[in-house]
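All remarks here apply to the structure that follows.
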Amino acid sequence: MLFRSLPFRSLDEIAPGNALILAPHADDESLGCGGLIAHLCAAGRPPLVVIATDGVGSHPNSQAWPPSRLRAQREQEAREATTALGLPSDHLVFLGLPDTAAPHEGEDFRRVIRQLAQFVHIYRCGTVFVPWRHDPHCDHEAVWKMGVALSGESAVSLFSYPVWGWMIPPHLELGDEKIQGVRLDISAFAAHKKRAIRLHASQYGGLIDDDPEAFRLPEQLLEIFDAPYEVFLCS
């Protein structure tokens, strides 16, 4: 995987001012950007973290966890996880878009872009982080598109972070597309990131046990995020 050979850059080179981190679901912020969030908070520049969808698609057949309960659970997990990373509670926002149906275009998409542009203005964000364009999930692709549109309208720098993109077999990756990006050393915040990921308890299969076909984070993916660095790609 070429991600592992990208050059290291400092926090100030990657995110020199305030940052906006867009996560498709609660847990993506910790998986893809947990070290970055903790690093920025420690530097006195906590980012604004925006979670796009309500996350209720992870356990569609659970009787004990209907959408309203699961939505509240996933929001609470995100609050606990970002608190573990040092993020102030007023720097976490939930858009509540429907899980697996985040808009890719149309009026709903434009409404989200207007809302995000307001956040960029209010929090004076100069850099936006979104999922990698090749992450194989429709919501990840939608949020990447939001980042591209936002960067065009608000003149912010744009980086993307891989989540499920780490699992793409090398021979199926990108064809001739060149991977360009950087790595951030997060070794000082690795324990914070690991704890934040583990606080997303609903995604591990132990908390919700009445939907055997439901989503759970695979150990193979979790092992990848034990790395002492994070990857940010030029979108």
Side-chain angles (χ1 to χ4, degrees), residues 1-24 27-51 78 81-88 90-93 116 119-135 140 143-144 146-148 150-152 154-166 173-174 177-197 221-235:
M1 176 64 72
L2 296 177
F3 296 161
R4 295 185 173 94
S5 62
L6 292 171
F8 280 97
R9 295 291 183 265
S10 70
L11 179 69
D12 287 343
E13 289 174 302
I14 296 172
N18 295 331
L20 170 62
I21 294 172
L22 300 180
D27 76 354
D28 290 317
E29 84 296 329
S30 298
L31 292 166
C33 298
L36 172 66
I37 294 170
H39 205 335
L40 285 168
C41 290
R45 296 188 280 117
L48 179 67
V49 176
V50 176
I51 297 176
T82 52
T83 296
L85 297 171
L87 190 75
D90 62 353
H91 279 61
L92 178 63
V93 175
L116 294 174
F119 291 149
V120 166
H121 175 71
I122 293 170
Y123 288 86
R124 299 180 180 179
C125 300
T127 311
V128 174
F129 295 85
V130 295
W132 188 35
R133 64 184 300 179
H134 296 292
D135 262 19
H140 287 232
V143 176
W144 171 76
M146 293 172 189
V148 172
L150 183 62
S151 67
S154 300
V156 291
S157 299
L158 184 66
F159 276 107
S160 60
Y161 55 91
V163 179
W164 293 100
W166 282 99
E173 277 179 18
L174 301 173
E177 183 175 332
K178 184 178 181 181
I179 292 178
Q180 295 180 309
V182 298
R183 286 184 291 168
L184 175 69
D185 181 354
I186 62 161
S187 54
F189 305 99
H192 299 74
K193 175 172 179 170
K194 187 169 186 176
R195 172 167 169 72
I197 292 172
L221 181 67
L222 293 170
E223 289 172 0
I224 290 171
F225 291 110
D226 281 338
Y229 57 80
E230 287 176 342
V231 168
F232 301 106
L233 304 168
C234 301
S235 295

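Any value given below was found using the heavy atoms of this structure, including those in side chains, with hydrogens, waters and symmetry copies removed. All figures in this text were calculated on a predicted structure; none of them were measured in a lab.
Between atom CD1 of residue Ile14 and atom CZ of residue Phe129 there is a gap of 6.5 Å, rounded to the nearest 0.5 Å. The line from CG of Leu92 to CG of Leu85 is 10.5 Å long, rounded to the nearest 0.5 Å. The CD atom of Glu230 sits 10.5 Å away from the CG atom of Asp185 when rounded to the nearest 0.5 Å. Separation of atoms SG (Cys234) and CG (Leu158) is listed at 9.5 Å; rounding is to 0.5 Å. The CG atom of Leu36 sits 10.0 Å away from atom CZ of Phe189, with the distance rounded to the nearest 0.5 Å. To the nearest 0.5 angstrom, Leu87 atom CG is 4.5 Å from Cys41 atom SG.
Annotation for Glu29 and Thr82: closest pair CG-CG2, 4.0 Å, computed over non-hydrogen atoms. Taking both residues in full, the closest heavy atoms of Arg9 and Val182 are given as CG-CG1, 3.4 Å, listed atom of the first, atom of the second, then distance. When every heavy atom of Lys193 is checked against every heavy atom of Gly35, the shortest pair comes out as CD-N, 3.8 Å. Annotation for Val156 and Cys125: closest pair CG1-O, 3.4 Å, computed over non-hydrogen atoms. Taking every heavy atom of both residues into account, Pro162 and Leu233 meet most closely at CD-CD1, 4.3 Å. For Leu6 against Gln180, the heavy-atom pair with the smallest separation is CD2-C, 4.4 Å.
Ring geometry, Tyr123 versus His91: the interplanar angle exceeds 60°, so the pair is classed perpendicular (tilted spans 30 to 60°).
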Steps toward side chain to side chain donor-acceptor pair (under 3.5 Å) verdict (Ser10, Asp12) = CA-CA 5 Å; Ser10 70; Asp12 287 343; 5.5 Å; no
Apply side chain to side chain contact (heavy atoms under 4.5 Å, CB included) to Val50 and Leu22, showing your working.
-> CA-CA 5 Å; Val50 176; Leu22 300 180; 3.6 Å; yes
Might you work through the side chain to side chain contact (heavy atoms under 4.5 Å, CB included) test for Asn18 and Leu48, ending with a clear yes or no?
-> CA-CA 8 Å; Asn18 295 331; Leu48 179 67; over 6 Å; no
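Side chains of Asp28 and His140 form a contact here, defined as non-hydrogen atoms less than 4.5 Å apart. Pro131 is listed as a side-chain neighbour of Tyr161, based on a closest heavy-atom distance under 4.5 Å. For the pair Arg4/Trp166, a side-chain contact is recorded, criterion being any heavy-atom separation below 4.5 Å from C-beta on. At least one side-chain heavy atom of Thr127 sits under 4.5 Å from a side-chain heavy atom of Phe159. At least one side-chain heavy atom of Val143 sits under 4.5 Å from a side-chain heavy atom of Pro24. Contact annotation: the side chain of Trp144 never approaches that of Asp135 to less than 4.5 Å [non-hydrogen atoms, C-beta and beyond].
With hydrogens and angles ignored, the 3.5 Å screen pairs no side-chain donor or acceptor of Glu13 with any backbone N or O of Leu11.
Checked options Trp132, Phe232, Tyr229; the residue passing with Phe3 is Trp132 (criterion: ring pair (Phe, Tyr, Trp, His ring centres under 6.0 Å)). The side-chain contact (heavy atoms from CB on, under 4.5 Å) with Leu20 is formed by just one residue from the set Val130, Val93, Val128; it is Val128.
Heavy-atom neighbours of Arg45 CZ from other residues, nucleotides or ligands within 6.0 Å: above the threshold of 12.
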